[in-house]
Amino acid sequence: MDDLLQGLTEPQCEAVNHIDGPLLMLAGPGSGKTRVVTHRIANLLRQGIPAWQIVALTFTNKAADEMRMRVEALAPGQPVWMGTFHRFCARLLRRYAPMVGLSENYSILDAADSRMAIKRACEVAEVSLSHTSPDAVAAVISRAKNRLITAEMMATMPVKYNEQVAAQVYPVYHQLMMTANAVDFDDLLLHVAVLLRENGELRADLDSRYRYILVDEYQDTNLAQYAIVRALSIDYPNLSVTGDPDQSIYGWRGADINNILDFENDYPTVKTVRLEQNYRSTPNILRVADQLIRGNRRRKHKKLFTANPEGEPVILKSYRDSKAEGDDIAERIAHAILEENCHPKDFAIFVRMNSLTRTLEHALRRCNLPYQIVNGTEFYQRKEIKDLLAYLHLINNPNHDVALERVINVPPRGIGATTVQRLRQVANREQIPILDAARKAGLIESIPKRSAVKVASFVAMYDALCVKATATIEDLVLYLIEETDYREYLERTGDDDQDNDRSANVDEFVTAAVEYDRQHPEDGSLEEFLEQVALVSSTDQWEENNDRVTLMTLHASKGLEFPRVYIIGVEDDLLPHARSKDSEEQIEEERRLLFVGITRARERLQLSYCQNRSIHGQGRPVVPSPFLMELPREDMRQVDAAPESDFFDEDPYPDSWDIPNDEDDEICQLVEEERAAIRRSKPAPPIAIPQIKTASQMTGGPSSLVGQLKTGTTVAHPRHGEGTVVSISGRGPKCTATILFDDGQTKSFRVAFADLRVIR
DNA sequence: ATGCGCCAAGTTTTT
DNA sequence: CTTGGCGCAT
């Protein structure tokens with residue numbers, strides 16, 4: 001018992017010792033929350049509670065892995081279930097699929113696929129998208145689902161104009177998904193929430209099965225998640241939630257900060273523990289964070305304090321443009337590594353949006369710094385990967401229409417848009433999957449014989465693929481590539497330059513399959529592989545042990561910490577983002593976002609902004625973020641890398657920065673006028689164009705090996721052992737080495753990613 | 001049916 | 001600067 005409490009503070013001990021009944025842990029940043037949670041789990045186990053009665057729900061897989069590791073160290077071999085909400089629901093849904101009208105091999109559609117399904121639903125519903133976009137419709141439906149509003153409910157609700165369209169599409173979309181035996185991310189939660197609500201017996205069973213539920217990042221849960229957790233904590237209200245209202249940054253995704261603010265009302269017998277001591281950051285950094293977050297009205301006040309020694313003041317820097325910003329940061333990092341015995345992995349650079357990482361990449365590459373970009377799902381968004389995945393999805397679930405439409409003519413096999421259109425019409429009319437329609441293409445009179453033959457040969461190939469469905473994922477994928485001539489297709493279509501990349505991506509996909517097989521020698525299944533791929537999040541990709549500079553969005557940085565942090569682009573309209581300025585609530589969320597970023601830093605922190613930032617080529621003047629004016633100047637050092645800036649230097653009122661000087665006034669006015677002009681010129685209902693987010697590319701940094709490897713170099717790989725480089729293709733971060741291993745296998749690796757060592 | 005090339009448009013955060 | 005949508009030519 002005592003060893004679990006060793007070195008813990010009073011409030012931490014209280015939390016660890018809490019066994020039964022609701023528990024609310026308000027945990028500030030860096031307050032040792034994970035430590036407390038893992039020790040508490042160990043304590044529960046020690047009190048004789050069976051591991052299978054405990055469930056820990058986290059925000060990312062990464063967090064779950066981390067927790068699992070630490071619990072394992074305290075209480076080895078205990079099968080406590082830990083994972084994300086979505087994975088938990090996916091698992092429950094596998095078991096109880098028939099109860100909601102699905103079969104157990106249902107597919108999980110990602111955002112892009114679900115958008116395709118929405119488009120089709122619009123067609124079927126004969127809804128005109130001229131005044132809205134699939135995106136907007138998808139957003140409304142998603143929001144509704146997060147708030148537990150089903151299609152039927154929405155039909156009877158009075159709604160706004162753009163919601164009317166969505167209300168019409170929603171039931172059709174839902175029907176399509178059910179026919180396709182598919183769910184989207186929101187459905188995973190919604191189905192389970194409805195299941196628990198409508199089936200009292202099952203609810204009671206599961207409530208008693210999962211007696212001890214722990215929820216991490218509770219401030220980021222939405223109503224659906226709230227309902228699920230609640231339903232499982234009625235008879236056994238041993239619900240413990242951990243969170244920090246000041247770190248709620250997912251409101252736009254339906255997260256409801258009231259879930260945590262009102263927890264004490266929901267569970268009157270709750271025990272509340274506040275973890276306010278910070279073990280992570282210097283007092284400087286903490287004061288800056290604290291001062292900033294005081295600007296928010298809607299919050300529970302916390303005092304943040306630390307016993308850590310004073311450190312360097314927080315640096316606030318302005319640059320002429322983003323290139324100067326990137327170059328300076330890269331050079332300083334390189335310098336610190338040379339002079340101060342730092343390592344690349346000590347550094348992180350945070351951005352408000354992914355596109356801002358571009359210039360940083362260039363700068364880091366120029367300085368030869370290894371880096372990793374965490375914007376993870378991008379790999380799985382690439383066309384070639386999505387194609388292969390779509391085949392796998394279709395094999396796993398023949399009803400998956402979106403997957404079918406994606407691959408029926410990829411590589412091109414003479415089945416054109418019109419033929420697909422006709423198949424789809426039949427499918428819509430008879431409410432059957434398109435594949436079933438394709439099976440009887442010969443009987444459909446609108447389809448010419450020529451086309452019907454091609455469709456038939458596609459179906460035949462599909463059936464051949466299905467025979468391999470139970471093989472290992474690797475075998476299946478290799479067979480698939482072979483059978484579809486996919487490599488040949490890539491070579492035929494891409495430019496020379498792309499070619500290598502795309503082929504290397506396919507290699508990487510195969511490697512992922514191999515890896516999955518390796519990790520699941522017994523229990524692996526296609527279904528589970530697909531589920532795992534669908535539910536990876538970007539932060540899951542971040543590798544702690546990689547000695548690289550980390551580049552990520554502020555959102556992705558939640559839950560992590562780094563000795564030295566740079567936050568770039570602290571500019572008006574970027575942070576707070578232009579699109580989150582409609583309400584004070586949104587501004588507060590942006591403020592929390594910056595708060596999260598600041599509190600990731602252990603020793604040093606730099607915030608920076610530019611005077612010009614070129615977005616799509618055109619440089620535009622920039623106004624520093626209003627948040628900067630809220631920061632305590634005495635804890636900071638202002639540096640102007642661009643001498644012409646006098647935004648801060650010539651401010652005659654250091655204690656009231658909200659009084660701008662003349663030049664700022666001018667800029668403000670300019671910006672204000674421009675904004676007003678844009679507002680005036682906007683047509684009443686803005687017509688948005690459907691925009692499918694695509695992978696620009698998933699880039700790894702040049703590892704120190706890039707450039708070192710040559711044909712003939714002998715290298716070692718942690719899993720495959722030693723081997724010889726047979727060829728090298730691509731350059732920079734895309735450099736790919738094909739290696740013949742001593743066991744006779746040939747594998748290709750992105751040098752920047754792979755864990756290779758040069759032997760000679 | 002396919003493939004090319006132009007044009008236009010759009011730009012947050014993500015399970 | 002990138003991406004996707006669309007029209008035209010083969």
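In what follows, every heavy atom counts, from backbone to side chain, and hydrogens, waters and symmetry copies are set aside. Proteins come first, then strands; the chains are lettered A, B, ... in the order of their sequence lines, and each starts at number 1. If you're wondering where the values come from, they're calculated on a predicted model, not measured in any experiment.
Taking a centre distance below 5.5 Å and an interplanar angle below 30 degrees as the stacking criterion, A:Trp252 stacks against the six-membered base ring of B:dT13. By the 5.5 angstrom centroid cut-off and the 30-degree plane limit, A:His555 is classified as not stacked against the base of B:dT13.
Of all nucleotides listed (B:dT12, B:dG3, B:dT15), B:dG3 comes nearest to the side chain of A:Pro412.
A donor and an acceptor atom never sit less than 3.5 Å apart when one is taken from the side chain of A:Arg87 and the other from the base of B:dT15.
Residue A:Leu593 is out of contact with every strand shown, counting any heavy-atom pair closer than 4.0 Å. At a threshold of 4.0 angstrom between heavy atoms, the contacts of A:Arg413 are confined to the sugar-phosphate backbone, with no base atom among them. Using a 4.0 Å heavy-atom cutoff across all strands shown, A:Asn409 reaches sugar-phosphate atoms only and no base atom.
More than 12 heavy atoms of other shown residues, nucleotides or ligands fall within 6.0 angstrom of atom CZ in A:Arg94.
Under 4.0 Å is where a charged nitrogen must lie from a carboxylate oxygen, and between A:Arg68 and A:Asp65 at least one such pair does. Salt bridge status for A:Asp327 with A:Arg366: present, with a side-chain N to carboxylate O gap under 4.0 Å.
The phosphate of B:dT12 has neither OP1 nor OP2 within less than 4.0 Å of any side-chain N or O from A:Ser355. In terms of phosphate contacts, A:Thr418 brings a side-chain nitrogen or oxygen within less than 4.0 Å of OP1 or OP2 of B:dA1. A sub-4.0 Å separation between OP1 or OP2 of B:dA1 and a side-chain N or O of A:Thr419 is present.
Judged by a 6.0 Å distance limit and a 45° cone about the ring axis, A:Arg253 is positioned over the six-membered ring of A:Tyr250.
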